[in-house]
Engineer: 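My questions all concern the structure below.
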Number of protein chains: 2
Amino acid sequence: MRLHAPLDDRTAWSPVGHCPIEKAIAVVGSRPAMLIMREAHYGTRRFDDFVTRVGVAPATASTHLRALTDAGLLERQPYQDEGARTRDEYALSPAGADLMPVVIGLFSWGMKHTDGVDDLEFAHVGCAEPVDLRVACAAGHEVGEQDVEVRLRRGRPRRRVRA
Amino acid sequence: MRLHAPLDDRTAWSPVGHCPIEKAIAVVGSRPAMLIMREAHYGTRRFDDFVTRVGVAPATASTHLRALTDAGLLERQPYQDEGARTRDEYALSPAGADLMPVVIGLFSWGMKHTDGVDDLEFAHVGCAEPVDLRVACAAGHEVGEQDVEVRLRRGRPRRRVRA
DNA sequence: CAGGATCCCTAAGGATACTG
DNA sequence: CAGTATCCTTAGGGATCCTG
């Protein structure tokens, strides 16, 4: 990976404060937040399940579930078990689902580069073949670390998403 | 995303403690660590550049550069400017380069779902087309959040990487 | 320039207990 | 079950100063 001119002039340009990675980290950069998102991707929706399966204190779960909901990654949805009052569960929003590549990326990296007892993998439900991430350009070329550069976006500025 | 049987029995199975994502987070889960890895991908190699461009205190940079080196994501390489003594710089190791999908994933998510002034994108050096992540199976099918499941790996256990 | 050592300080998270 | 409230503890990180 490299930086395209004029970004490669690092005396003039620094990502500090205006980097999308920093902003993403501000939302899902903590351990509880990321693990809650993992669980949400695994289909977990209820408070107590998050507490148990993530392994955090209720207060921590509460804080982060709220923050992730406020940030738009989770959506509160009412449900009602028979004989019980209505409660809320936390479902993945579209923005939360968009985090899937990051979840898979961390998972794959951990499987490959850390030691452990895990023998897990992702699979395509349709054809049962293993699933992996690919980094590719719009022309379809698969690219490695050496073949990518960061550049200023051309043309019209991207559409702003209203909060 | 879903969990394949028997993993979907969450009373019997929990990822707590043996999840590759947890282990990945233990290494790059902090803000400074992830931003240092971002910088390493951008080509930054020298201590002071990390301090400046990540925006952390020297002590913090020192701590995390050491931890990332110990974890095998960075490699210390001696260099010598003319008239100065030899010093070390920190280069991306293969394991560090393997983190590229995560870096790109966080970047893309941040660009799409957070507000900001940034107009950056990744491009393929070869053909200048924009680069993005794709989630695909071995058969080549591109898959979305609904089409992925986590299952126990079949066949021979994966090769262990010696430390 | 490339760090190590110290101090300090705050925010994050665990434990526990309680409520609707 | 789904939280909230309170307390407590610690690790992370900033600031500052110092060294090779």
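Quick caveat: nothing in here was measured; it's all calculated off a predicted structure. Numbered from 1 within each chain, the chains take letters A, B, ... in sequence-line order.
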Engineer: Whole Å only: how far is the CD1 atom of A:Ile36 from the P atom of D:dG3?
Structural biologist: 12 Å
Engineer: Measure the acute angle between the ring planes of B:Trp13 and A:Tyr42, then classify it against the limits of 30° and 60° as parallel, tilted or perpendicular.
Structural biologist: tilted
Engineer: Heavy-atom nearest nucleotide on DNA chain C for A:Gly55 versus A:Arg87: which residue maps closer to 5'?
Structural biologist: A:Gly55
Engineer: For B:Arg66, answer base if it contacts any base atom (sugar-phosphate contacts may also be present), sugar-phosphate if it contacts only those atoms, and nothing otherwise; contact means non-hydrogen atoms under 4.0 Å.
Structural biologist: sugar-phosphate
Engineer: Measure CG/B:Leu35 against P/D:dG12 and give the value in whole Å, please.
Structural biologist: 16 Å
Engineer: The side chain of B:Ala59 is closest to which nucleotide in this list: C:dA2, D:dA2, C:dA5?
Structural biologist: C:dA5
Engineer: Could you check how far CG of A:Leu74 sits from P of D:dA2, rounded to whole Å?
Structural biologist: 15 Å
Engineer: Counting only heavy atoms not in B:Arg76, do more than 12 fall under 6.0 Å of its CZ?
Structural biologist: yes
Engineer: Within the 4.0 Å heavy-atom criterion, would you say A:Arg31 contacts the bases, only the backbone, or no part of the nucleic acid?
Structural biologist: nothing
Engineer: Nearest whole Å is fine: how far is C:dA2 P from B:Arg45 CZ?
Structural biologist: 13 Å
Engineer: Rounded to the nearest Å, what distance is computed from the CD1 atom of residue B:Ile25 to the C1' atom of nucleotide C:dA12?
Structural biologist: 15 Å
Engineer: Evaluate side-chain hydrogen bond (donor to acceptor under 3.5 Å, both in side chains) for B:Thr44 paired with B:Glu39, printing each intermediate quantity in order.
Structural biologist: CA-CA 5 Å; B:Thr44 297; B:Glu39 276 307 316; 2.6 Å; yes
Engineer: How long is the line joining CG of A:Asp49 and C1' of D:dA2, in whole Å?
Structural biologist: 11 Å
Engineer: Any non-hydrogen side-chain atom of B:Val135 less than 4.5 Å from a side-chain atom of A:Met100?
Structural biologist: yes
Engineer: Can you see if the side chain of A:His64 gets near the phosphate of C:dG13 - specifically, an N or O under 4.0 Å from OP1 or OP2?
Structural biologist: yes
Engineer: What is the distance, to the nearest angstrom, from the CG atom on A:Leu65 to the C1' atom on D:dA2?
Structural biologist: 11 Å
Engineer: Which whole-number value in Å describes the distance from A:Asp48 CG to D:dT4 P?
Structural biologist: 13 Å
Engineer: OP1, OP2 of C:dA12 versus side-chain N and O of A:Thr60: anything below 4.0 Å?
Structural biologist: no
Engineer: Is there a side-chain contact between A:Tyr79 and the phosphate of D:dA2, meaning an N or O under 4.0 Å from OP1 or OP2?
Structural biologist: yes
Engineer: Students often mix this up, so state it plainly: with edges at 30° and 60°, are the rings of B:Phe50 and B:Tyr90 parallel, tilted or perpendicular?
Structural biologist: perpendicular
Engineer: Measure from the side-chain heavy atoms of A:Arg46 and tell me the nearest of D:dA2, C:dA2, C:dT16.
Structural biologist: D:dA2
Engineer: NA contact type, A:Phe50, heavy-atom cut-off 4.0 Å: base, sugar-phosphate, or nothing?
Structural biologist: nothing
Engineer: Starting at the 5' end of DNA chain C, which residue's closest nucleotide do you reach first, B:Asp88 or A:Pro32?
Structural biologist: B:Asp88
